[in-house]
Amino acid sequence: MVARTETDNWRQVQAVDRTAELELAALLIETVNLEEVQPEGIDPDAPLFGDGLGLDSIDALEIALAVTSRYGFALRADDPENQRIFASLRALAQHVVHHRTR
Amino acid sequence: MSTAARFSIPTVDSTLVWRRTGAVRRSSLLDRAGVLAGSLPGAGHVINLCQSREAFLTGFVAALLRGQTTLLPPNRGRGTLAELGARFETAYALTEEPLDDLDLPQHRLDLQALDGRRAPSSAIRPEHVGAIAFTSGSTGLPRAHPKTWRSLVLGAELAARRFPFAGANILATVPPQHMYGLETSVMVPLMNGAAVHDGRPLLPADLADALGELPPPRILVATPIHLRACVEAGCRMPPLALIISATAPLAPALAERAEAAWGAPVREIYGCTEAGSLASRRTVEGDLWSPYDGVHLLRDGETPVVAGGHLPHPVELADVLEADPSGRFRIRGRHADMVSVAGKRASLADLTRRLTSIAGVEDGVFLQPDGHAGDRPGRLAALFVSASLTEREVLDRLHPYVDPVFLPRPILRVGALPRNELGKLPHDRLQALLRGRARDRDGP
């Protein structure tokens with residue numbers, strides 16, 4: 001019984017994480033006009049910048065504004081704890097889930 | 001001031017760089033630069049890829065002391081850097097961390113490992129080529145623009161006469177490898193009594209935090225893209241003495257919002273890679289630019305020529321300028337081939353050549369879509385013809401040679417480009433093809 005509950009909890013956390021990732025992916029796509037990409041099509045572990053999705057620093061600024069507007073907090077890339085927030089969709093989504101105020 | 005004094009790096013002790021962890025004194029940085037100078041490879045040219053201001057400054061001064069020339073790469077693409085290496089045979093890269101896939105000798109700059117006292121400072125000859133900046137042109141390799149130590153020092157002097165840099169603390173959002181960044185975040189602190197923040201923040205919250213790490217008076221050196229982001233984000237800034245913007249024209253409406261939000265004047269610098277900084281204006285006061293002391297137009301119009309000031313010789317500019325009887329001027333526009341994306345300048349013909357030289361690309365063109373607003377980055381689009389390559393594959397082949405901001409969005413594969421009988425691509429037909437293909441791709 002205990003094992004099943006833990007598995008259920010783990011699955012539920014995974015589902016929440018995946019939902020957060022897809023929601024964020026949709027926001028990214030809309031914000032930087034990646035018209036040919038679908039949220040499900042973004043590999044959550046692929047780099048957002050350079051290779052992978054191929055975003056650049058201008059996109060980072062646009063994304064920061066969109067995140068503030070949608071999730072109600074300011075993205076910081078320079079915080080030593082958060083230097084990896086742009087490493088992947090997954091990393092950014094986890095950061096958003098942790099800090100969102102709306 | 002004697003010539004020798006004017007071209008020597010001042011040794012008056014004060015803070016030169018503000019790190020998050022504390023102040024770096026001028027004397028410490030110069031000592032470390034002296035030690036580094038002794039350990040640099042014997043070479044004529046160094047590509048300084050350091051990201052922190054302290055590291056870049058240390059490397060830049062070390063190169064000067066060794067009589068080496070610092071190359072300022074137009075972008076950090078591996079292909080671009082390899083080309084520079086091939087062109088300047090002994091060139092090596094100076095980096096804080098080893099870089100992968102770099103086809104160049106690397107010398108690591110480890111600030112912690114630089115200990116000891118420097119040798120008595122050797123004067124830097126005014127005619128020594130301290131740096132070489134590059135611009136893309138429509139023919140072949142990027143054009144080299146050598147900057148003598150004299151012109152770098154004089155350029156910083158003129159900037160310090162125009163703006164209250166002496167005794168101020170600067171936060172710059174632009175890289176030291178760009179002429180604007182080299183002048184405001186490297187030369188002015190080094191020569192004109194300012195201190196500079198070590199970092200290069202991007203996001204508005206980080207920018208506000210970094211400004212808070214500086215004592216007053218604070219000067220923000222930024223671009224229209226950064227200013228717009230900070231204004232939109234509603235950042236609370238600490239009291240600022242001055243905001244400087246450059247690299248692209250700043251919309252007066254945005255300047256007004258920034259001045260109202262932060263209670264500081266917003267002033268712009270007009271300049272270019274070829275000539276350095278040339279003129280300034282306070283944006284909200286109107287569209288007349290005041291040249292730096294001694295700088296003047298020999299000719300205005302479609303092919304203006306500027307001379308005097310720090311310029312060793314007259315320089316032709318890529319903008320269309322209109323002189324005013326007062327000695328000031330207005331900027332009327334750009335030559336059609338030159339486009340600006342997020343403040344970075346490129347030649348469409350040069351980008352098109354990069355595209356069509358890709359094996360498998362039969363025809364192609366870069367263009368700037370009509371109807372983009374001045375405040376927005378103004379992304380470029382590209383169309384290409386290929387039997388074998390996908391859009392992704394073409395992008396991957398452009399990536400090593402092109403600054404990321406110039407990578408096309410969208411990039412579209414087409415059956416043919418609408419060339420006319422002369423083989424030219426009429427503007428309207430190109431734009432219509434772009435709109436049509438984008439529409440087809442996105443669906444009804």
Side-chain angles (χ1 to χ4, degrees), chain A residues 24 26-39 41-43 46-87 91-93 95-96 98-102, chain B residues 20-21 75-78 173-175 197-210 213 223-236 341-344 376-379 390-392 395-396 398-400 402-412 438-439 441-443:
Chain A
L24 180 61
L27 180 66
L28 293 188
I29 288 166
E30 184 195 313
T31 301
V32 304
N33 295 320
L34 293 172
E35 289 145 338
E36 69 277 14
V37 179
Q38 295 303 311
I42 300 181
D43 174 358
L48 292 177
F49 291 86
D51 299 327
L53 209 52
L55 304 184
D56 64 22
S57 59
I58 301 167
D59 299 314
L61 281 174
E62 300 287 334
I63 290 167
L65 291 177
V67 163
T68 297
S69 174
R70 171 78 72 86
Y71 298 111
F73 77 100
L75 273 184
R76 280 178 163 75
D78 281 352
D79 184 336
E81 275 181 49
N82 294 329
Q83 259 163 17
R84 295 188 48 71
I85 60 169
F86 285 120
L92 189 57
H95 184 78
V96 166
H98 192 70
H99 286 92
R100 64 190 299 178
T101 64
R102 57 170 175 259
Chain B
R20 185 165 285 153
T21 51
N75 60 67
R76 297 174 82 94
R78 297 297 188 254
T173 61
V174 286
H197 192 287
D198 193 39
R200 193 184 140 214
L202 173 65
L203 304 184
D206 293 319
L207 218 144
D209 287 351
E213 287 160 7
T223 71
I225 299 265
H226 293 98
L227 291 186
R228 189 186 138 256
C230 286
V231 164
E232 297 281 325
C235 279
R236 255 218 231 99
V341 179
K344 293 188 186 180
R376 300 292 159 154
R379 298 271 188 196
T390 63
E391 280 105 353
R392 177 81 249 174
L395 270 180
D396 287 345
L398 281 172
H399 187 268
V402 167
D403 191 297
V405 307
F406 299 131
L407 289 173
R409 290 186 205 171
I411 179 166
L412 298 168
R439 206 170 41 233
R441 182 198 54 193
D442 295 342

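Chain letters run A, B, ... following the sequence lines, proteins first, then strands; residues in each count from 1.
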Practice task
Answer yes or no: is there a side-chain heavy-atom contact under 4.5 Å between D59(A) and L48(A)?
Solution key: no
Handout entry: Which portion of R76(B) sits near chain A, non-hydrogen atoms under 4.5 angstrom
Key = neither
Problem - Donor-acceptor pair, side chain of T101(A) and main chain of G72(A), under 3.5 angstrom - result: yes
Handout entry: Under the ring-ring contact (aromatic ring centres under 6.0 Å, His included) test, residues paired with F73(A) that sit two or more places apart
Key = H95(A), H99(A)
Exercise for the section: With the side chain counted from C-beta on, respond yes when V402(B) and N75(B) share a heavy-atom pair under 4.5 Å apart, and no when they do not. Expected result: no
Problem - Under 4.5 Å from any heavy atom of chain B - which part of L65(A) - result: side chain
Handout entry: Interface moiety of D209(B) toward chain A, non-hydrogen atoms closer than 4.5 Å
Key = side chain
